[in-house]
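Written out below as structure tokens is the structure these notes cover.
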Amino acid sequence: MPKRVYFFGGGKAEGRGDQKLHLGGKGAGLAEMTNIGLPVPPGFTITIDTCAEYWQLGKRNPVGLDKEVLQNLRKLETVTGKKLGDPLDPLLISVRSGAARSMPGMMETILNLGLNDASVEGLAQKTGNARFAYDSYRRFIQMYAATAMGLSKEPLEEMLHHLKHARGIKHDTDLSATDLKELCAQFKKFYAEKKGEPFPQDPIAQLWGAVAAVFNCWEAEKSVTYRRVEKITDLKGTAVNICTMVYGNKGDNSGTGVCFTRDPNSGENVFYGDCLINAQGKDVVAGIRTPMKLIELESKLPRAYKQLCEVRKTLERHYKDMQDLEFTVEDEKLYMLQCRTGKRSPAATFRIAVDMVKEKLISKETALSRISAEDIERLFYPVIDPQTAKAELTARFLTSGINAVPGAATGHVVFTAARAEELAAKGTHAILVRKETSPEDVGGMHAAQGILTATGGKTSHAAVVARGWGKCCIVGCDALEIDYTKKHFVVNGKLIQEGQFVTLDGSSGDVYEGEMSLVKPEFPEAYNTIMGWADKIRRLKVRTNADTPYDSEKAVAMGAEGIGLCRTEHMFFDTEERRLAIQEMIVANTEDARRRALDKLLPFQREDFMGIFKAMHGKPVTIRLIDPPLHEFTPKDKDGVERLSKTTGLSTDFIEKRCEQLHEANPMLGHRGCRLCITYPEILDMQVRAIMEAAVACKKKGVKALPEIMHPLVLDRKELKLLEERTRRVADEVLAQSGVKIPYLIGTMIEIPRAALLAHEIAEVAEFFSFGTNDLTQMTMGLSRDDAGRFLPEYVDEKKAGIFKFDPFQSLDISGVGQLVQMGIERGRATKPNLKIGICGEHGGEARSVKFCHKVGMDYVSCSPYRVPIARLAAAHAVIEEQLGKRATGPSKASASKVKKSAPQRAPARKHPPKRKAASRR
Ligand code: ADP
Ligand code: MG
Ligand code: MG
């Protein structure tokens with residue numbers, strides 16, 4: 001029979017602090033505090049597994065539990081020298097729930113259990129305080145009736161209220177012992193009427209009632225909902241903690257409080273908390289009386305305060321992290337009732353980690369492992385004011401979509417990019433709501449505070465573009481019925497018109513009606529320290545995806561060490577003049593006409609590249625030649641066609657025909673990527689010329705440029721060979737004419753499965769590979785990155801199909817697509833051991849994928865500017881986890897010294913990639 005009950009008390013506990021999964025967080029904390037000699041009222045914990053058994057048995061206690069509980073109760077009586085139900089000097093207990101992770105408000109604790117009509121008198125006698133005894137009894141009846149017996153709370157609250165009214169009293173504390181005794185009688189009468197039986201007088205019956213109540217609360221609606229919302233799926237149940245009562249409500253020498261070992265908002269190393277004199281339980285947080293600051297305890301209860309300061313020190317030294325504590329003082333004596341790792345603000349997370357390293361409590365590695373990608377994210381993005389009431393959020397909630405870019409935004413609903421720009425020009429905040437977005441919308445997307453689309457997934461146009469700016473964005477919100485002509489949308493029966501306010505929470509994907517207040521987190525100094533440590537440890541370089549000098553500068557400030565992807569086509573949308581020039585090039589039906597149009601584009605591109613080279617100051621810049629299918633650039637309406645006709649002199653008829661010709665049934669697999677330059681090499685000529693002329697011009701001005709020219713969507717060695725030869729010819733010609741020497745590289749993206757399979761052949765030509773894992777995922781899985789948003793959520797949701805653990809467009813599909821990546825690297829380096837390899841898909845900024853990139857030996861990852869710090873941290877985590885793994889498996893002497901040597905020096909990650917199995921296990 002499994003051991004189901006663990007005792008703690010008398011300076012010893014049967015359980016330990018690391019048994020959270022077994023004893024729950026609260027039970028483990030109580031056991032650990034007991035073991036390290038802190039004053040914890042004795043008691044015992046019924047395990048989480050017992051709760052699971054109870055549910056498996058159809059809400060029945062497993063055989064043997066009763067005996068074990070009663071044995072422990074006897075033990076408790078021995079330790080405390082009191083007996084449960086003793087009419088002269090009763091032992092009273094609290095019955096408390098506690099899962100492996102904190103689940104706020106799951107169940108109300110039952111305090112003062114063991115009181116009945118006889119023992120309440122004993123308590124009054126023994127303490128000489130009848131008021132206290134009857135207050136405890138009425139609280140117990142209230143809690144027991146509501147929590148264990150499921151009676152509604154209101155009628156009893158009403159009775160209390162009536163009594164106070166009748167006596168002309170404001171505070172509960174002003175009721176007399178007689179009043180409270182009368183109240184107890186009323187409560188019991190009500191209970192008997194409702195339940196058809198008297199209020200239980202047998203303390204053992206009370207105990208089993210309370211234990212069942214805790215077990216039952218695990219499946220209560222609010223717990224189930226909470227677990228669903230928080231996506232908690234790995235917990236089995238709750239433990240039950242039975243704990244000797246101590247009384248903070250005994251008079252002015254007593255009190256109760258909650259505190260943190262450091263300030264959870266700023267992270268400052270000061271003792272922080274609230275307390276109340278002469279109070280019990282959660283009075284402090286219930287808001288019945290205004291609590292006082294913890295420091296006031298020093299003058300009110302100096303002995304207890306001193307003791308508490310000692311406890312604070314002991315616990316921090318023991319847990320090596322900030323703790324959240326609950327305590328009670330009875331007659332100047334301190335009791336600890338709970339401890340757990342304290343929740344903290346983003347700023348405090350950084351500060352505490354850094355301070356604790358300085359205080360020599362933890363190592364730099366431990367400090368780094370305590371910071372998560374979300375902690376970094378929370379520093380950079382505004383959030384909905386955390387003070388906002390839950391009820392308000394519920395009332396305003398409209399719907400949920402895919403959380404593409406974190407942060408919150410609020411503004412007036414607009415349905416066109418143009419309208420968003422109009423509002424922005426007036427300084428008014430807009431939220432751009434679209435079915436989907438396209439490159440023409442970029443101006444309005446930039447002007448808007450946030451973007452909301454009905455379709456698309458995490459790599460759809462809207463998501464990718466918004467991510468680049470760190471702009472709040474929710475996509476794939478398919479409950480939205482958008483009507484562009486009527487300028488409104490309907491969602492779950494609610495109509496929202498243009499101009500009305502909505503608020504987006506890009507972190508959760510939730511959409512709310514109305515304007516809500518947002519707060520921007522404070523930026524802690526400790527952030528820079530942490531990132532500095534991460535940079536020292538990591539070996540993977542981090543580059544950025546950036547198309548403009550502005551984005552490049554921002555990315556460098558975020559720590560980017562180069563550009564891994566500069567998408568040249570984005571430059572064509574910037575102004576009407578550029579748009580018309582590219583359109584002219586596209587509709588041209590002869591090479592001559594095309595060259596004339598390209599000549600117009602050349603100076604624009606050259607200028608852009610110069611700006612980017614300057615911003616990057618000699619850091620490598622990977623520039624991808626034109627990639628999307630041409631039809632994406634063609635005019636979309638009559639007006640556009642007419643304007644193009646005016647500039648080109650071509651008839652509108654001709655232009656419309658050309659646009660029709662360009663239409664493709666399946667553009668993602670059509671005439672795009674390097675296929676464009678194979679058929680229209682003059683596009684390549686122009687782009688390569690612009691790149692190299694820009695590099696030359698920079699060099700002449702003393703700015704170093706390191707261009708890496710990248711061909712997208714390559715699928716064959718010969719294809720790349722043709723492109724490479726032509727690229728080299730143009731580049732060398734520019735260099736020869738200028739008389740300047742500039743090193744440059746020519747490489748390819750690996751984003752088609754065939755390219756990964758034939759990587760050894762392609763590496764004969766390429767000087768570098770960059771894995772374009774957006775397209776590689778799309779083509780390997782046969783899932784459209786633009787449309788999969790419609791059904792992928794179901795694929796990922798464990799409660800539904802649960803086919804994938806992660807959205808493969810967000811977190812690399814390591815077991816599938818990952819194999820192609822690994823194979824591509826192995827085969828490529830078999831041909832060219834020095835082949836430079838990176839990744840430039842959206843995965844390059846996602847922690848789990850970044851760790852994979854480290855494992856398979858890439859040189860760098862590239863991601864949008866705002867995700868650069870996340871990638872830097874993840875790359876450091878990868879090294880730390882590698883070291884921990886080696887330590888765990890007991891390294892041979894040779895490999896141990898290698899870890900030490902290579903880690904701080906950032907040796908190039910060109911070690912043997914691990915066997916496939918090892919890499920895909922995570
Ligand atoms: P929660 O999980 O909501 O924090 P707890 O089980 O910690 O619930 O109980 C809430 C409060 O009840 C505690 O902070 C403490 O003030 C009070 N409490 C619980 N057990 C005891 C006890 N044995 N003696 C005195 N007060 C108690
Ligand atoms: Mg608590
Ligand atoms: Mg691509």
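Each ligand, and each atom within it, is numbered from 1 in the order the structure gives.
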Flag side-chain contact, heavy atom, 4.5 Å: Q206 against F199: yes
Structural part of E326 in contact with ligand 1, heavy atom criterion under 4.0 angstrom: side chain
C243: numbered ligand 1 atoms lying under 4.0 Å from its heavy atoms: 23 (N)
Nearest-0.5 Å distance, CG of residue N241 to OG1 of residue T45: 4.0 Å
Crowding at CZ, R167 (>12 non-hydrogen neighbours, <6.0 Å): yes
Contacting atoms of ligand 1, where contact means under 4.0 angstrom from a heavy atom of S94: 19 (C), 20 (N), 21 (C), 22 (C), 23 (N)
Minimum side-chain heavy-atom gap I93-L76 below 4.5 Å: yes
Per-atom contacts, ligand 1 versus L337 - under 4.0 Å to a heavy atom: 15 (C), 18 (N), 21 (C), 22 (C), 25 (C), 26 (N), 27 (C)
Closest candidate by heavy atom, reference atom 23 (N) of ligand 1, pool T256, L325, T244: T244
Geometric class of the H165/H161 ring pair [parallel <30°, tilted 30-60°, perpendicular >60°]: parallel
Per-residue contact class, Q280 against ligand 1 - non-hydrogen pairs under 4.0 Å: neither
Polar proximity ligand 1 side, K26 side, N/O cut 3.5 Å exclusive: yes
The Mg ion (ligand 2) contact by Q338, N, O or S atom under 2.8 Å: yes
Over all atoms of both residues, closest heavy-atom pair of R96 and S94: CD-OG, 3.4 Å
Heteroatom proximity flag, V246 to ligand 1, N/O under 3.5 Å: yes
Between D510 and S400, a side-chain donor and acceptor under 3.5 Å: yes
Residue L111 vicinity, atoms of ligand 1 by number, heavy atom under 4.0 Å: 12 (O), 17 (C), 18 (N), 19 (C), 20 (N), 21 (C), 27 (C)
Nearest non-hydrogen partners of R344 and M322, listed with the distance: NH2-O, 3.7 Å
Proximal atoms of ligand 1 relative to T109 (non-hydrogen, under 4.0 Å): 5 (P), 6 (O), 8 (O), 9 (O), 10 (C)
